[in-house]
Amino acid sequence: MASTARNPNHLERMASVDAQLRMLAPSKVSEDDNLVEYDALLLDRFLEILQDLHGEDLRETVQSCYELSAEYESTLDPQKLEELGNMLTSLDPGDSIVVASSFSHMLNLGNLAEEVQIAFRRRIKLKKGDFADENSAATESDIEETLKKLVVQLKKSPQEVFDALKNQTVDLVLTAHPTQSIRRSLLQKHSRIRNCLAQLYAKDVTPDDKQELDEALQREIQAAFRTDEIRRTPPTPQDEMRAGMSYFHETIWKGVPKFLRRVDTALRNIGINERVPYNAPLIQFSSWMGGDRDGNPRVTPEVTRDVCLLARMMAANLYYSQIEDLMFELSMWRCSDELRVRATALHRSSRSVAKHYIEFWKQIPPNEPYRVILGEVRDKLYKTRERARQLLSNGFSDIPEESTFTNIEEFLEPLELCYRSLCSCGDQPIADGSLLDFLRQVSTFGLSIVKLDIRQESDRHTDVLDAITNHLGIGSYRDWSEEKRQEWLLSELRGKRPLFGPDLPKTDEIADVLDTMHVIAELPFDNFGAYIISMATAPSDVLAVELLQRECHVKKPLRVVPLFEKLADLETAPAAVARLFSIDWYLNRINGKQEVMIGYSDSGKDAGRLSAAWQLYKAQEELIKVAKQYGVKLTMFHGRGGTVGRGGGPTHLAILSQPPDTINGSIRVTVQGEVIEQSFGEERLCFRTLQRFTAATLEHGMHPPLSPKPEWRALMDEMAVVATDEYRSIVFKDPRFVEYFRSATPELEYGRMNIGSRPSKRRPSGGIESLRAIPWIFAWTQTKFHLPVWLGFGSAFKHVIDKDPKNLQMLQEMYNEWPFFRVTIDLVEMVFAKGDPGIAAMYDKLLVSKDLLPFGERLREKYTETKNLLLKVAGHKDLLEGDPYLRQRLQLRDSYITTLNACQAYTLKRIRDPGYNVQLRPHLSKEMVDSSKSAAELVKLNPGSEYAPGLEDTLILTMKGIAAGMQNTG
């Protein structure tokens, strides 16, 4: 589209539109609220860039769309949505892409403004010592405040607090689940925009600084807008792993020692003069990237091997780049006799030194013994890195394994020697500097940065064992009862004979399982964490993996972790674990420790959020009882997603609302998709994440929440039955539901986003039951209807209130006194604040067949009824009435999202109904559309699309934009 000439009247009209846009924005919430100002600045800069790149007409179109959206938000008049749709469908394909991209970018900029505002308000509160805001006890865990609360308010002794803290473990497991819709290259640009904005409003900024920062801000906004938002090909598992590891390079690597120093400071403030020991397992990191093969055929044994070697190479490189700084710092000559003897021997001998370091060693004076010791460490790190690199690229290495670091103890030993020596010579302040930070990094990250979990579905192990028993001529393992399976597995585990040889008939799937076991056997043990069995139901599922590890010569078997996901599996999990612990062989094998994973995503998809949340709560209680009965320390592994429908929510609340005794100083939690960026995207976010998990885990262990009253349990049991019945009666039993779901949402088009390596279905031919929880939640989030989160709540509330009006009072009592129930209700209330049944109705009107329209209308009636009942239970008149800051942030996003919703719905209409294009624009031929200057420039990015020009890119941009605005993709 050619740019129109600028003239005074046109500029005056644009200024008037800009003023109108400002009037539509929410007002300030408090004196220290700069959000509207931040948002307006970023919007102004973006619109100027848009005008320079695409002309004034397109800028006016974007502003008009925003204005119509804002009018809809204030009136909820569906006519405004229709006007908006007509405006959007009148655009040529290229301009449609630009408009969708503009609103997606404006939402991303709005999110950055929010982050800067939250950080600014937090700094203000910290200076005032005031934590009574939305980042206070309700949503935040400050380590210093938590320690003071435990000592001052709860009368715990400082030593008790210190002992509990240094013995607790939080293991954060980064997963490759495809929920990060924003490309990594854009995330980096967003980080620079955020930094520029924060510095622009700093108190000490000079006029010259301000001008330079503003120029940098505009430059970064334009660079982001000019970057293609769309992934043209799906990422490989290796790509996902590299993206995940980039967070360690950028924030986590240096963030961990910085956080642990803050813990030391907080301990001193309660009277503890010791530091947290460098080898205390406070924070650990694991990963599923390249190890999660459940339903992902792209994760092969070769991928797992590559990912492990890549992690080992990256870890050695990070240590190697840091060791020289440490050598430069430790130049002192005083040392212990123990260290001097070692240094003298090393200095005399050059046999263990690589040729390229001989000159370096000659330069180290004999009176700098620490540098001699660290020089050997540096040399070995170099060899460790190069061996991993060679194995990764060539499959073999000429560097012998014994000349590298092969275990963490070997790496720590010379560092510990330096630390002891410094302390014994009166130089502990020096020892507690960079050397302590380095020791803490080595203890936290090991030789592979993260430990890789392996995850596989239980049926795949059954297939292998079935092939073995058939080959041996003893029957079909698959057909055996659970008792017979256990008997045979235990007899083999207690024996020594090999079960199979190279002549075992293997399908590709069986070979994949066995080859994965061989990779585990081949690589160092410290590369790996747990072996997760998804869809686990019985003890034989665990014993099967134990036997396969032995048969494949895994010298140090990985701990085996059953994952209980669906409602029925959660209900039977305690009995299954009890049967497992009753097996003497297994109880001896685990040495008093067991881990159990519980899945929030599939349980929610199976039974609805209310029933899933309650069953997860009860399952944990019962599992802990079983573990205590057998003298086993149980660690719960929480498989949480980013959205409320998949167990997401504020970390602090999620931990403190867990049942009593279920954490007990040890917890594992998945950190998925876009949550990784929100948790570790920059230094401040990384620090807050580590603080939240550590402080909340400590508080839960030392001050567990009260158990629910018996009458509360009875009411929850009753409500859960009703909620499950309604949820399943609609989602699984109503024959119209699948057709309605796939018509009314972009579920069928989800895979085109290329945001993950894993297919969206476990089985391509299956229905809702085979659909993964991520696209299930994603589709409903896009239409702002959020059905999986709230469906079932309304009928449950209505049932118990109609049965006895006094139950409303009991529900309100539960909300006010029981953390679990309050968190459950608050999160659903937040989802309602993000929802809009009017938007869902627009999708229905455009995309759903006439005979299914009453189905959608009935669901929207349930939505409204559920919302009203939820507000009654919470005692609220309006949604988010107690959180004006969140309400303001959602209002700022709404108008941007509404435009994208209209664009998405009308684009889906054009994609699914080709005749609609002809009806809509009979005056435009396909040749005219294709020859549009704007389309020729933009549509060529996706020449292979099966859709009409520009439609696929427009659709994907709306999906990504709505995901950014809702701040949840799945």
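- A salt bridge does not link K149 with E145: every distance from a Lys NZ or Arg NE/NH1/NH2 to an Asp or Glu carboxylate oxygen is 4.0 Å or more.
- Put simply, the side chain of F285 reaches to within 4.5 Å of the side chain of V256, judged on heavy atoms.
- Within a 6.0 Å sphere centred on NZ of K709, heavy atoms belonging to other residues, nucleotides or ligands number more than 12.
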Original post:
How far apart are the C-alpha atoms of Q159 and D163, what are their side-chain angles, what is the distance that settles it, and do they pass the side chain to side chain donor-acceptor pair (under 3.5 Å) test?
Top reply: CA-CA 6 Å; Q159 191 61 46; D163 290 342; 3.0 Å; yes

**OP:** Go through the steps for L791 and T866 under the test side-chain contact (heavy atoms from CB on, under 4.5 Å), then give the verdict.
**Re:** CA-CA 8 Å; L791 184 60; T866 302; over 6 Å; no

Original post:
Should D459 and M535 be marked as a side-chain contact (heavy atoms from CB on, under 4.5 Å) after you check the CA-CA gap, both sets of side-chain angles, and the distance that decides it?
Top reply: CA-CA 8 Å; D459 274 354; M535 301 298 173; over 6 Å; no

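- When all heavy atoms of V561 and A530 are compared, the closest pair comes out as CG2-CB, 3.7 Å.
- Looking only at side-chain heavy atoms (C-beta outward), E546 and L489 stay at 4.5 Å or farther from each other.
- Residues M719 and L811 have side chains in contact (heavy-atom distance under 4.5 Å, counting atoms from C-beta outward).
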Subject >> Pair D606-R728, salt bridge (Lys or Arg N to Asp or Glu O under 4.0 Å): steps then yes or no >> reply: CA-CA 8 Å; D606 179 42; R728 288 178 173 170; 3.1 Å; yes

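- Between W614 and Y617, a ring centre-to-centre spacing shorter than 6.0 Å is recorded.
- In this structure, a donor-acceptor pair under 3.5 Å is present between the side chains of Y586 and Q594.
- No side-chain donor-acceptor contact under 3.5 Å links H700 and Q658.
- A salt bridge links E621 with R713: at least one charged nitrogen is closer than 4.0 Å to a carboxylate oxygen.
- Considering only heavy atoms from C-beta on, T146 comes within 4.5 Å of L150 through its side chain.
- R668 and T635 share no side-chain donor-acceptor pair at under 3.5 Å.
- Remark: side-chain polar atoms of T662 are paired, donor with acceptor, to backbone N or O of P659 under 3.5 angstrom.
- Contact between A538 and A576 at its shortest, heavy atoms only, is CA-CB, 4.5 Å.
- Summarising the geometry of L558 relative to G529, their closest heavy-atom pair is CB-O, 3.9 Å, with the distance given to 0.1 Å.
- Contact check for W585 versus L543: side-chain heavy atoms found under the 4.5 Å cut-off.
- Using bins of under 30°, 30° to 60° and over 60° for the plane-to-plane angle, the ring pair F820/W818 lands in the tilted bin.
- Of the N and O atoms on the side chains of E813 and Q809, not one donor lies less than 3.5 Å from an acceptor on the other residue.
- Salt-bridge check for K484 with E487: failed, with every basic side-chain N at 4.0 Å or more from each acidic carboxylate O.
- The number of heavy-atom neighbours closer than 6.0 Å to CG of D479, taken from other residues, nucleotides and ligands shown, is above 12.
- The pair D142-R692 does not count as a salt bridge, with every side-chain nitrogen at least 4.0 angstrom from each carboxylate oxygen.
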Original post:
Does the pair H703 and Q153 meet the rule for a side-chain contact (heavy atoms from CB on, under 4.5 Å), with working shown?
Top reply: CA-CA 11 Å; H703 182 57; Q153 296 179 26; over 6 Å; no

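- Heavy atoms only, all atoms of each residue included: V800 and N807 are closest at O-ND2, 2.8 Å.
- One distance of note links CZ of F564 with CZ of F637; it measures 14.0 Å at 0.5 Å rounding.
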Original post:
Between D661 and K625, is a salt bridge (Lys or Arg N to Asp or Glu O under 4.0 Å) present by the stated rule, with each step listed?
Top reply: CA-CA 9 Å; D661 300 325; K625 287 179 184 175; over 6 Å; no

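- At least one test fails for K451 against the ring of F528: distance under 6.0 Å to the centre or angle within 45° of the axis.
- T304 and R293 are linked by a side-chain donor-acceptor pair at a separation below 3.5 angstrom, with hydrogens and angles left out of the test.
- Test I272, V263, V152, V161 against L147 for side-chain contact (heavy atoms from CB on, under 4.5 Å) and you get one pass: V161.
- Taking the side chain as every heavy atom from C-beta outward, I532 and M597 approach each other to under 4.5 Å.
- Between the side chains of S286 and D453, no donor N or O sits under 3.5 Å from an acceptor N or O.
- Between Y600 and H638, the ring-plane angle classifies as tilted under the 30° and 60° cut-offs.
- A cation-pi arrangement is not found for R440 relative to Y278, the charged atom failing to lie both closer than 6.0 Å to the ring centre and inside a 45° cone about the ring normal.
- The aromatic ring centroids of H461 and Y531 lie less than 6.0 Å from each other.
- Ion pairing between a basic and an acidic side chain is recognised when a charged N comes within 4.0 Å of a carboxylate O; E482 and R579 show no such pairing.
- Looking at every heavy atom in both residues, P562 comes nearest to E595 through CD-O, 3.6 Å.
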